[in-house]
Amino acid sequence: MPRPHGFSYAQRADGTVVITHQGRAAGTLRGGRAEKFLAEAGGGDDQLVMARWTGAYKFGNERAARNHPRNRSGRRDSR
C-alpha cells in the first residue's frame, strides 16, 4: 500500500486547524481535537497523521468491495 501524500495543514489565529489534501479541504479541527492533532503531528510522519485524522486514506480493498455481488445491485456499468 503506498504511503499517504499530498496533505498539508494550516493553523488559524483562533486555534482552528484546517487539513487539506491536494489543495482541497479534507477536515477542520477545533478546540481539543485541534490541540491533540497538533501534538501528534509534531512527532512523526505528518502525512500519515493527517490521513488518519481526516479518514482520507484507503485500506486497499475498495476495488474488491465494489465488485462484490452485494454492492453491484442497481448499477448498470460494465466494470
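In this chain, residues are counted from 1 in sequence order.
- Closest of all the heavy-atom pairs between A34 and G15 is CB-O, 3.5 Å.
- Using a 4.5 Å cut-off on side-chain heavy atoms (C-beta onward), I19 and L29 make contact.
- Contact detail for T20 and A25: the closest heavy-atom pair is CG2-CA, 4.1 Å.
- Here the side chain of Q11 pairs no donor or acceptor atom with the backbone of T16 at under 3.5 angstrom.
- Considering only heavy atoms from C-beta on, F37 comes within 4.5 Å of Y9 through its side chain.
- Q22 places no side-chain N or O within donor-acceptor distance of the main-chain N or O of F7, the cut-off being under 3.5 Å.
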- [ ] Please assess V18 against R12 for the test side chain to side chain contact (heavy atoms under 4.5 Å, CB included), listing each intermediate value before the final yes or no.
- [x] CA-CA 8 Å; V18 178; R12 295 183 179 168; 3.4 Å; yes

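- With rounding to the nearest 0.5 angstrom, the CE atom of M50 is 8.5 Å from the CG atom of D45.
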